[in-house]
Undergrad: 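Mind having a look at this structure? Questions to follow.
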Amino acid sequence: GEVEGGGEAVAGIAVPTAARIIAEAAPDEILVSSLVRDLASGSGIDFVDRGMRSLRGLEREWQLLAATI
């Protein structure tokens, strides 16, 4: 997502979205949104569906997937 930079700080909707997705991950797990999966098409990375999740402070449910590298 788009990130706005200002000195050492970053802002934009992608920042809290990424933080919420990271918080949902198990130890040693890489979770991504379905958008990241779509953008990684053809990369050779496999994804395992981890279901729909409500992420604190964000509208709608998000489909999260575990990346297997």
Side-chain angles (χ1 to χ4, degrees):
E2 292 185 27
V3 176
E4 302 164 15
E8 295 183 22
V10 293
I13 189 63
V15 176
T17 302
R20 301 305 184 265
I21 292 172
I22 290 168
E24 294 288 318
D28 297 323
E29 181 177 51
I30 300 169
L31 282 185
V32 300
S33 68
S34 57
L35 174 62
V36 171
R37 180 215 39 217
D38 294 346
L39 292 171
S41 178
S43 68
I45 299 172
D46 292 318
F47 298 92
V48 178
D49 187 13
R50 293 291 190 241
M52 300 297 288
R53 310 267 181 101
S54 294
L55 302 177
R56 183 177 55 88
L58 301 175
E59 295 181 11
R60 74 179 178 81
E61 286 195 330
W62 292 73
Q63 181 186 14
L64 300 183
L65 304 107
T68 58
I69 301 172

Undergrad: With sequence neighbours left out, what residues match Ala18 under side chain to side chain contact (heavy atoms under 4.5 Å, CB included)?
TA: none

Undergrad: Once side chain to side chain donor-acceptor pair (under 3.5 Å) is applied, do any residues pair with Glu24, and if so which ones, sequence neighbours excluded?
TA: Arg53

Undergrad: Any side-chain hydrogen bond (donor to acceptor under 3.5 Å, both in side chains) involving residues 25-47? Give me the pairs, sequence neighbours left out, ordered by first then second residue.
TA: Glu29-Arg50

Undergrad: Hydrophobic clusters join Ile, Leu, Val, Met, Phe, Trp and Tyr when side-chain heavy atoms are under 4.5 Å apart, directly or via other members; which others share one with Ile21?
TA: Ile13, Leu31, Leu55, Leu58, Trp62, Leu64

Undergrad: According to salt bridge (Lys or Arg N to Asp or Glu O under 4.0 Å), does anything in residues 6-21 pair up with another residue at least two apart or in another chain? List the pairs.
TA: none

Undergrad: More than 12 non-hydrogen atoms from neighbouring residues, nucleotides or ligands closer than 6.0 Å to CZ on Arg60, yes or no?
TA: yes

Undergrad: Looking at every non-hydrogen atom in both residues, tell me the closest pair between Ala14 and Glu2 and how far apart they are.
TA: CB-O, 3.6 Å

Undergrad: Would you say Phe47 and Ile69 are hydrophobically clustered, going by side-chain heavy atoms of ILVMFWY under 4.5 Å?
TA: yes

Undergrad: To the nearest 0.5 Å, tell me how far Leu65 CG sits from Ile30 CD1.
TA: 12.5 Å

Undergrad: Taking transitive links into account, so neighbours of neighbours count too, which hydrophobic residues share a cluster with Val3 at under 4.5 Å side-chain distance?
TA: Val10, Val15

